[in-house]
Amino acid sequence: MPTTKRPRTRIKDLLALEQLPVPNDPLVVMGWVKTVRSSGAVAFVQINDGSAFADLQIVVDANCPDYALVQRLTTGCSVRVTGILQESLGRGQRYEILADAVALLGDADPEEYPLQKKRHTLEFLRELAHLRPRTNTFGAMARVRNAMAFGIHQFFQQRGFLYVQTPIITASDAEGAGAMFRVTTLNINDPPTRNGGIDDGQDFFGRPAFLTVSGQLEAEIFAQSMADVYTFGPTFRAENSNTSRHLAEFWMVEPEVAFCDLDGLADLAEDFLRHIFAHALQSCPDDMAFFNRFYDKELIATLESIVAADFERMTYTEAIAALQSSGERFEFPVEWGLDLQSEHERYLTERKVGKPVIVTDYPSSIKAFYMRLNEDTPAHRQTVRAMDVLVPRIGEIIGGSQREERLNILQSRMAEAGLDQAPYWWYLDLRRYGTAPHAGFGLGFERTVQFATGMQNIRDVIAFPRTPRNAEF
RNA sequence: UCCCCCGUAGCUCAGCGGUAGAGCGGGCGGCUGUUAACCGCUAGGUCGUAGGUUCGAAUCCUACCGGGGGAGCCA
């Protein structure tokens, strides 16, 4: 087998060339075969290396010593190709490679290889999480997801935010944000007992430990010293949720900002979403065009309008009034004090205003203890400085609040919620020593990728989805 | 967790009480600077699993398993 010292050229870089290179020396490209069209005179092999949405067409004529080999290539094989870049004689692509040599790196038995050169259902591909990145959809998804993750860091870094890594294993519970996964080294078949129960003192940490449901409380610690911080990492919910919008393991972005109130936080959330959508559109135009064509014809227009326009803002009280006067018939009741249901959120963002909506100042009774209590509200209509960012089709994409920085009010709110203050001693200390106004939000990364790609099911925007009874890969 | 729908060839589906079908994909052959090429031939199935009803079950009933959609919870 011939070898070469020449480095591999990425398909993306070849296709981006303004003109043919001078001198036009032989290049080496490597990738996986998408499709082969062969004949008695000439064969065409389309390969993809993941660097770009587009495939590269390899032309192999009878002069090529590997012509016979190419006749046997099938979808899924990996190959190394040496050849000259030329303007394509056919339509459908600008450049192609005229092959001098083709080497088979890895075979893929066509009788067994499950991916065909045609569309598969997303449900089928979920069973093939190890091969689906080779498809157009999941290659595009991987690149857009990567671009959005980069855009998130870029947004915060440009604004001087500090990226902090909060723990994945935690002993605290962020106010029952959801059922938690227990982490233990105890022998679950024969755990040590004490006083009739499991002796947690003998567990690894000397106490019960869990996978985190949120990095918020730890991010607040850093906001109370570094002022502008964000986290971006995995979080875990052991809820038995079987929907197209929930995962047991998902990634969350959580900025936490000192000396910031809810209005400032809403501004930040709006700028943030606009930045990452603009970044996805700008850095992955081919992938976004693909999603627009095959998954949501309105996708690019919707994202561009979000990038261009201000979000609508209304208070919870205004939202309730709007719902009550809408003339719509809702399945769930609309009444001040009740939480907004999915159907209500979707009405507001899809029908009422037709763009993202930020709803603020929810009743304190339906929100978490750490959200800042509004002054000047009647006792029976107490509200907190909370906000939800609602977007069409997904519903809630961001939830956040200004935090309660006043120690006495925070303590009374915890008491109302029936929370034991002892485990939160450090959280309360932040209010005892140099407390400062601050605010933060959480953004579900997969839901944001869902929104940006038009993918209907959250299991198709993460490489290895974790859902109830599903952790194969 | 609740409600509804669906499990038939490698994939996508039809068949809905009476001898298991199509398209695509695969194999073989042909043809062509082709574009998820095209043309011909061909192989391929314990009809999700286990019970039940029936002379007879892919088809009707029950349970379980798996998948999907919606709801709740939320991000």
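Quick note on labels: first sequence line is chain A, next is B, and so on, each numbered from 1.
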- To the nearest Å, how far apart are A:Phe451 CZ and B:A75 P? 18 Å

- Message: Against A:Tyr362, only a single residue in A:Asp339, A:Asn374, A:Thr317, A:Asp388 fulfils side chain to side chain donor-acceptor pair (under 3.5 Å); can you say which?
- Response: A:Asp388

- Nearest of B:A71, B:C74, B:U12 to any side-chain atom of A:Thr121? B:U12

- Query: Side chains of A:Leu104 and A:Cys77: closer than 4.5 Å at any heavy-atom pair?
  - Reply: yes

- Test side chain to side chain donor-acceptor pair (under 3.5 Å), reference A:Gln46, set A:Lys34, A:Gln93, A:Arg37, A:Gln57, output is A:Arg37

- Message: Within the 4.0 Å heavy-atom criterion, would you say A:Pro110 contacts the bases, only the backbone, or no part of the nucleic acid?
- Response: sugar-phosphate

- Query: Counting only side-chain N and O atoms of A:Ser244, is one of them less than 4.0 Å from OP1 or OP2 of B:G70?
  - Reply: yes

- Query: Rounded to the nearest Å, what distance is computed from the CD atom of residue A:Glu111 to the P atom of nucleotide B:C11?
  - Reply: 15 Å

- Item | Nucleotide B:G10, atom C1' - distance to CG of A:Leu131 in whole Å | 13 Å

- Item | Of A:Asn240 and A:Gln86, the one whose closest RNA chain B nucleotide lies more 5' | A:Asn240

Distances under 3.5 Å only, N/O to N/O: pair up the protein atoms with those of nucleotides 35-38 of chain B.
from	atom 1	to	atom 2	distance (Å)
B:U35	O4'	A:Arg37	NE	3.4
B:U35	O2	A:Gln93	OE1	3.1
B:U35	N3	A:Arg91	O	2.5
B:U35	N3	A:Gln93	OE1	3.3
B:U35	N3	A:Gln93	NE2	3.2
B:U35	O4	A:Arg91	N	2.6
B:U35	O4	A:Arg91	O	2.4
B:U35	O4	A:Gln93	NE2	3.3
B:A36	N1	A:Arg119	N	2.5
B:A36	N3	A:Lys117	O	2.5
B:A36	N3	A:Lys118	N	3.2
B:A37	OP1	A:Lys117	NZ	3.0
B:A37	OP2	A:Thr35	OG1	3.0
B:A37	OP2	A:Arg37	NH1	3.0

- Message: Ignoring hydrogens and geometry beyond distance, is the side chain of A:Gln456 in donor-acceptor contact with the base of B:G68 at under 3.5 Å?
- Response: no

- Face-on cation placement of A:Arg143 at A:Phe138 ring, 6.0 Å and 45° thresholds: no

- Message: My understanding is that a pair needs two contacts under 3.5 Å, Watson-Crick or G-U wobble. By that rule, which nucleotide pairs with B:A71?
- Response: B:U1

- What is the distance from OH of A:Tyr113 to P of B:C24, rounded to the nearest Å? 21 Å

- Just compare B:A75, B:U34, B:U12 and give me whichever is closest to any side-chain atom of A:Phe250. B:A75

- Within the structure shown, what part of the strands sits under 4.0 Å from A:Leu247 by heavy-atom distance: base, sugar-phosphate, or nothing? base

- A:Lys367 NZ - B:A75 C1' separation (whole Å): 11 Å

- Task: Verify the contact: side-chain N or O of A:Asn457 to OP1 or OP2 of B:G69, cut-off strictly under 4.0 Å; return yes or no.
- Result: yes

- Query: Quick one: is B:A71 close enough that its OP1 or OP2 comes under 4.0 Å of any side-chain N or O from A:Arg245?
  - Reply: yes

- Does a nitrogen or oxygen in the side chain of A:Arg459 sit under 4.0 Å from OP1 or OP2 of B:G67? no

- Item | Side-chain donor/acceptor contact of A:Ser241 with base of B:C73 under 3.5 Å | yes

- May I have the distance from A:Glu343 (atom CD) to B:C3 (atom P), rounded to whole angstrom? 20 Å

- Query: Does A:Ser342 have a side-chain nitrogen or oxygen under 4.0 Å from the phosphate oxygens OP1 or OP2 of B:G72?
  - Reply: yes

- Message: Quiz question: by atom type and distance under 3.5 Å, do the side chains of A:Glu220 and A:Tyr427 form a donor-acceptor pair?
- Response: yes

- Output yes when A:Glu405 and A:Arg372 qualify as a salt bridge under the 4.0 Å nitrogen-oxygen rule, no when they do not. yes

- Item | For atom CD of A:Glu123 and atom P of B:G68, their distance in whole Å | 6 Å

- Task: Could you check how far CD1 of A:Ile58 sits from C1' of B:G33, rounded to whole Å?
- Result: 15 Å

- Report the residues that fulfil side chain to side chain contact (heavy atoms under 4.5 Å, CB included) with A:Glu318, sequence neighbours left out, ordered by chain and then residue number. A:Met314, A:Thr315

- Does the side-chain hydrogen bond (donor to acceptor under 3.5 Å, both in side chains) test come out yes or no for A:Ser88 and A:Glu96, once each step is laid out? CA-CA 5 Å; A:Ser88 181; A:Glu96 61 193 17; 2.8 Å; yes

- Query: Between B:G72, B:G68, B:G33, which nucleotide has the shortest distance from any of its atoms to the side chain of A:Phe332?
  - Reply: B:G72

- Flag as yes if A:Phe44 stacks onto the base of B:G33 (centroids under 5.5 Å, planes under 30°), otherwise no. no

